[in-house]
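Here the structure comes first, spelled out in structure tokens, and everything after it is commentary.
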Amino acid sequence: MAVIFARRVLCLFRGTAMNYWLTQLFNGFSYGALIFLLAMGLSLIFGVMQVINVTHGTYFLVGTYIGLSILTWTGNFYLAILGGGLVIALVGIFIERFFLRRLRGNDLGQVLITFGFVLLLQDAILLIWGPDPKLMGEPKSISFTAHIGSFTFPSYRLFVIVVAAAVAAGLWLFENKTKFGSAVRAAVDDVEMASGMGVNVPLVFTVVFGLGSFLAGLGGVLSGPWLGLQYGLDLEILPYAFVVVIVGGMGSLKGAILASLLVGLVDNFGKGFFPDLAYFTLFLPMAVILAVRPQGLFGRTL
Amino acid sequence: MDDRGLMLQVDDIHTYYGESYVLQGISLGVPSGTVMAVLGRNGMGKTTLIRSIIGFTKPRAGRIIFEGRDITPLRSHQIVSLGIALVPQGRRIFPSLTVRENLTLGEKPPGANGRGEAWNLDLVLDLFPRLKERLSNTGNKLSGGEQQMLAFARALMTNPRLLLLDEPTEGLAPLLVRALGDILLKLKERKLSILLVEQNLKFALQFSNHVHILNRGRVVHSSSPEALDKNHEVKARFLGV
Ligand SMILES: Nc1ncnc2c1ncn2[C@@H]1O[C@H](COP(=O)(O)OP(=O)(O)O)[C@@H](O)[C@H]1O
Ligand SMILES: [Mg+2]
């Protein structure tokens with residue numbers, strides 16, 4: 001095994017190695033950006049509400065399908081991104097208000113109900129869009145291959161990176177520069193005391209859940225032209241989001257950014273070098289980081 | 001306010017943690033503009049009384065009336081919006097918020113029943129000048145004393161008419177306890193109503209208009225501070241002094 005690995009690495013350093021590395025780096029980075037969009041909402045919801053939202057991956061996938069439908073009707077990709085995010089936000093808010101809210105403090109009940117919604121939404125996908133995998137076209141305006149020197153990369157992935165960066169910046173501004181944002185952070189710190197300072201915690205929960213769901217839906221639509229649409233993709237991608245939440249620390253924006261990029265890169269290089277050990281290369285860094293920092297990179301000591 | 005001039009009236013409340021029956025029928029009142037002390041040894045239910053009033057742990061029976069209004073069914077943030085503020089045991093400063101954010105989080109103007117000049121950031125910082133230099137520090141960078149000042153200051157920023165203080169002197173150096181006493185006097189002069197939970201008997205006697213003693217979830221003594229100070233039997237029996 002070590003020998004095979006060494007040979008591969010040696011190969012890579014000959015010939016077109018430089019471009020190979022750049023491409024891999026770029027792919028890992030852009031995949032990390034996509035994972036960030038998925039994981040940030042999960043992390044927010046986990047950090048603020050202590051809800052393990054198993055449905056999150058399914059929000060992502062349903063978002064993709066809704067995006068596809070909007071794209072088919074309107075032909076406007078940007079509308080599809082927004083629409084997918086908004087519809088999923090409404091779905092999330094509905095589920096939070098009428099189901100999760102009644103189960104506050106009942107962790108097992110919440111996990112079970114979010115898992116129930118996985119099954120429900122998966123059935124909805126089968127019912128509405130059918131079981132066959134679907135493809136989603138890239139918008140023409142961002143579908144080209146960009147060159148920097150002899151290094152070429154698909155511009156769509158660059159677009160995903162730009163959107164993820166804009167989302168991260170927007171979230172940072174929201175969390176740090178608005179009154180509501182400081183209420184959200186206060187709720188992450190100490191939800192009971194936040195309510196004792198007059199913070200309307202049920203409202204914070206609804207907004208956070210809606211925002212997290214929005215990001216999942218938006219990320220889902222963005223993933224369409226890249227990962228395609230396929231029944232079951234939701235549960236395939238969910239573990240990535242959980243790794244990000246756990247490695248980055250629950251509710252931490254900085255942690256989610258770094259952990260997403262880490263996971264994207266590790267996954268990409270891992271699949272390149274050890275194609276048979278995909279999940280192993282994903283979970284190994286998580287195990288190592290958790291052994292050193294049980295609260296995650298930017299989580300608080302409990 | 002009700003006809004007896006009570007700012008807060010706790011009427012036979014029974015509060016549980018799961019199966020554990022902690023407050024076993026507590027009644028007491030805080031007359032408007034006075035400091036009411038609640039004393040008692042560790043684990044007797046003082047914090048649970050505070051938690052019941054602020055809505056963290058709802059009583060299963062009984063009522064809590066604030067300015068004539070039944071607040072028992074309300075959520076904490078609604079109770080706070082009516083004009084009650086909490087300085088909790090252990091301070092519970094938000095560690096990831098800056099001092100300024102901690103202060104402005106619950107900032108609101110005084111309600112219709114408010115009296116005196118309203119608190120704002122400048123006035124509160126004049127009262128706690130130490131916080132001024134720390135405005136952009138996060139809460140977890142403060143010393144214990146600074147945290148207690150911040151806990152007081154952020155409670156005042158909500159312009160409350162009733163202040164709930166849960167063991168404010170706990171863990172403070174004597175000098176800081178004195179400083180806190182001065183602040184309490186200033187608040188008293190402004191006719192703020194205060195429910196002061198303490199284990200520090202001397203401090204409570206010094207600043208209160210009336211004292212209650214809690215023992216195993218019941219009020220076992222109620223008197224003026226002077227009367228309690230002279231009652232060595234009650235002090236020995238319920239406070240261990
Ligand atoms: N969250 C809780 N869950 C269960 N029991 C609790 C909880 N908080 C306090 N208690 C119990 O309730 C009793 C009263 O506690 P508390 O009100 O904190 O007392 P005090 O503030 O007078 O020290 C104690 O026996 C304590 O062990
Ligand atoms: Mg206590």
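Just so we're clear, the structure is a prediction, and the values are computed from it rather than from any experiment. Convention: sequence-line order gives letters A, B, ...; per-chain numbering from 1. Computed over heavy atoms, backbone and side chain alike; hydrogens, waters and symmetry mates excluded.
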Less than 4.5 Å to any heavy atom of chain A: does that hold for the side chain of B:Ser81, its backbone, both, or neither? neither

Are there more than 12 heavy atoms of other residues, nucleotides or ligands under 6.0 Å from atom CZ of A:Arg101? yes

Take B:Arg154 and B:Glu101, measure what salt bridge (Lys or Arg N to Asp or Glu O under 4.0 Å) needs, and give me the verdict at the end. CA-CA 9 Å; B:Arg154 80 176 170 184; B:Glu101 286 169 332; over 6 Å; no

Answer yes or no: does atom CZ of A:Phe29 have more than 12 heavy-atom neighbours from other residues, nucleotides or ligands under 6.0 Å? no

Could you check whether the rings of B:Phe128 and B:Phe152 sit parallel, tilted or perpendicular, using 30° and 60° as the cut-offs? tilted

Could you tell me the separation between the CD1 atom of B:Ile84 and the CZ atom of B:Phe66, rounded to the nearest 0.5 Å? 4.5 Å

Could you label the plane-to-plane angle of the A:Tyr59 and A:Phe209 rings as parallel, tilted or perpendicular, counting under 30° as parallel and over 60° as perpendicular? perpendicular

Structural part of B:Arg100 lying under 4.5 Å from a heavy atom of chain A: neither

Do other residues, nucleotides or ligands put more than 12 heavy atoms under 6.0 Å from the CZ atom of A:Phe115? no

Flag yes if more than 12 heavy atoms outside A:Lys179 fall under 6.0 Å of its NZ atom; otherwise flag no. yes

If you tally heavy-atom pairs under 4.5 Å between each of B:Asn140, B:Leu86, B:Leu97, B:Leu164 and chain A, the highest tally belongs to B:Leu97

Chain B-proximal positions within residues 193-207 of chain A [heavy-atom distance under 4.5 Å]: A:Met193, A:Ala194, A:Ser195, A:Gly196, A:Met197, A:Gly198, A:Val199, A:Asn200, A:Val201, A:Pro202

Atom group of B:Gln78 that falls short of 4.5 Å from chain A, counting heavy atoms: neither

